[in-house]
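Below is one structure, written out as structure tokens; the observations come after it.
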Amino acid sequence: VTAQIPYSKFPPHCVEITVELPSCVSNDVFLFSALPDAPGTPEPTNVTGDSNEYEFHVMAENAAGVGPPSDVSKLIKCREPVSPPSAPNIVKVTDTSKTSVSLEWTKPVFDGGMEIIGYIIEMCKADLEAWQKVNAETVLATKYTVVDLEAGEHYKFRVSAVNGAGKGESCEVPASVQTVDRLSAPEIDIDANFKQTHIVRAGASIRLFIAFSGRPVPTAVWSKADANLSLRADIQTTDSFSTLTVEECNRNDAGKYVFTVENNSGSKSITFTVKVLDTPGPPGPITFKDVTRGSITLMWDAPVLDGGSRIHHYIVEKREASRRSWQVVSSKCTRQIFKVTDLAEGVPYYYRVSAENEYGVGEPCELTEPVVATEEPAPPKRLDIVDTTKSSVVLAWLKPDHDGGSRVTGYLLEMKQKGSDSWIERVTIKTTKDRTTLTVKDSMRGDSGKYYLTLENTGEVVTIRAGSDLVLDAAIGGKPEPKVFWSKGDRELDLCEKISLQYTSKRAIAVIKFCDRSDSGKYTLTVKNASGMKQLSVLVKVLGMYSMINIHT
């Protein structure tokens, strides 16, 4: 039987030791040996070999045998002896300002057998060659911006890599660098997550974000057609990005938002399209046609804002001008035209149209003025030739038998040459008289067909076509000879390239050439002398073609 006793049980200079064996058997023979204790944890020194990693433990051995193993060592990478790294590759300047220089470089080709733990940047003024360290701690990245430099000064820069063996060789920027602002056109930064179209529900928030760059720092502006963004949007802008936020959006916030950045070097824009899922906006303006004593046909355009959903149909409503309640005449109109029937003759009606999509009924579009259920009046009665001269004819007529359901507001005069099939040169006269007399006089030689009117009374409204010459011709008289002048509004007409004036003892003529809408207005002839004053006026609206007006006093 062999019994092993740990070597640590033996005191120093031990001669004998007593060992108790609890279960000894008589007559057995025992052999005792002393084993060494476990050594301490091994530490590596002067490691060489391949690039693999190893761990070790150690056991002691004496005449009694091999003792227990030590603790396991740390992982040890077998490699060649290390040295400082080589110089970084290609140190370059990426940007400058009046007080800073931005550098960038690549890692050294040789790391010296150990991991690169950082970089040291040094600089000096170009004319001094006194290098000084820029960064207090090593830089882990391969780029760095040197700040707090003197404006307009020339500097040199160099970069060194550092590993466990120390600082390596330096790589210097090839040429000196001057601290000046670099000018660059604005750029808009777009990444993989950028979205140009945004769809949001009504009541939610719209948030548009865009990053930009440029030197000098560009000015950033948000805009939206036909909208003042300051009333609805919260805009926050820094030197590098801008955000636009609209809280609790509605259909009116939909559309195209344009972001523009601009500096001295140029400008750049980008457009965001925002769709707001909401009820539709009001349809386009309502127009009408085919008005009769019992019906009217309404027409309208589709809403500019459809609420982000297809328009299903339109709701058409009417109400009498004397009432406030609306009456639905069609709740499922699928076209942009509808004929309203069963109208009371001569009654003015208001009309409105609403669009409906999957989110509900939108805002209505309403006619601003009521429309009377009426139709075109019957022709005037008894068109008579009252008098003729060598160059004029006096016409007279009576009002129509039927006014079509509304009061006659005026008459339209047309004429044509003998043998011709085309009626030319319209003149509209607005009057409330039951009988109107006009003198039509040929003012041109040959078969020109051009004419002017002589109104038997004043206070009429005469409409002519744009592009024609307006001739105001009045017969005058008085003793002593009166002072005569034409005026428009409260201003006397003056001679100019457009206006010619001719005053004689018997006539006062004013000619306004090539009339346009600005020539519309009230024209007044004033005649006065020591015995008194007299004025005659006519209201002219320039809409039609060439016409001349002759006012007899």
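What you are looking at is a predicted structure, and each value in this text was computed from that prediction instead of being measured.
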Where do Phe212 and Phe241 land on the ring pair (Phe, Tyr, Trp, His ring centres under 6.0 Å) test, with the steps shown first?
CA-CA 6 Å; Phe212 61 88; Phe241 68 87; 8.0 Å; no
Set out, in order, the CA-CA distance, both residues' side-chain angles and the distance that settles salt bridge (Lys or Arg N to Asp or Glu O under 4.0 Å) for Lys133 and Glu122, then state yes or no.
CA-CA 4 Å; Lys133 187 177 178 181; Glu122 296 173 291; over 6 Å; no
Determine, step by step, whether Ser100 and Thr179 satisfy the side chain to side chain contact (heavy atoms under 4.5 Å, CB included) criterion, reporting the C-alpha distance in whole Å, the side-chain angles of both residues, the deciding distance to 0.1 Å, and the verdict.
CA-CA 6 Å; Ser100 67; Thr179 50; over 6 Å; no
Check the pair Arg215 / Asp95 against salt bridge (Lys or Arg N to Asp or Glu O under 4.0 Å), numbers first and verdict last.
CA-CA 10 Å; Arg215 182 71 58 81; Asp95 195 13; 2.5 Å; yes
Show, in sequence, the C-alpha distance, side-chain angles and deciding distance for Tyr119 and Lys143, and conclude whether the side chain to side chain contact (heavy atoms under 4.5 Å, CB included) test is met.
CA-CA 10 Å; Tyr119 299 90; Lys143 58 183 179 181; over 6 Å; no
Let's go through Lys125 and Glu153 carefully: what are the C-alpha distance in whole Å and the side-chain angles of both, what is the deciding distance for side chain to side chain contact (heavy atoms under 4.5 Å, CB included) to 0.1 Å, and is it a yes or a no?
CA-CA 8 Å; Lys125 289 187 178 181; Glu153 185 64 70; 4.1 Å; yes
Working note: Ser213 + Glu187, criterion side chain to side chain contact (heavy atoms under 4.5 Å, CB included); need CA distance, chi angles, decisive distance, verdict.
CA-CA 5 Å; Ser213 61; Glu187 291 292 336; 3.7 Å; yes
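A distance of 6.0 Å or more separates the ring centres of Tyr144 and Trp105. The aromatic ring centres of Phe259 and Phe272 sit 6.0 Å or more apart. Centroid-to-centroid, the aromatic rings of Tyr351 and Trp326 stay 6.0 Å apart or farther. A centroid separation of less than 6.0 Å is found between the aromatic rings of Tyr314 and Trp300.
Judged by distance alone, the side chains of Gln535 and Thr524 never bring a donor and an acceptor atom under 3.5 Å apart. For the 3.5 Å distance criterion, the side chains of Glu356 and His312 fail to qualify, holding no donor opposite an acceptor. Inspection of the Arg251 and Thr279 side chains reveals an N or O donor paired with an N or O acceptor under 3.5 Å. When only modelled atom types and interatomic distance are considered, Glu137 and Asn135 share no side-chain donor-acceptor pair under 3.5 Å.
Residues forming a ring pair (Phe, Tyr, Trp, His ring centres under 6.0 Å) with Phe288 (at least two apart in sequence, or on another chain): none.
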Please tabulate, one pair per line, all N/O donor-acceptor pairs under 3.5 Å involving side-chain atoms of residues 488-500, not counting sequence neighbours.
| unit_1 | atom_1 | unit_2 | atom_2 | d |
| --- | --- | --- | --- | --- |
| Lys488 | NZ | Ser518 | O | 2.6 |
| Lys488 | NZ | Ser520 | O | 3.2 |
| Lys498 | NZ | Lys513 | O | 2.8 |
| Lys498 | NZ | Phe514 | O | 3.0 |
| Lys498 | NZ | Asp519 | OD2 | 3.2 |

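Open room surrounds CG on Asn264; 12 or fewer heavy atoms of other groups in view lie less than 6.0 Å from it.
When all heavy atoms are compared, the tightest approach of Thr96 to Val180 is OG1-O, 2.7 Å.
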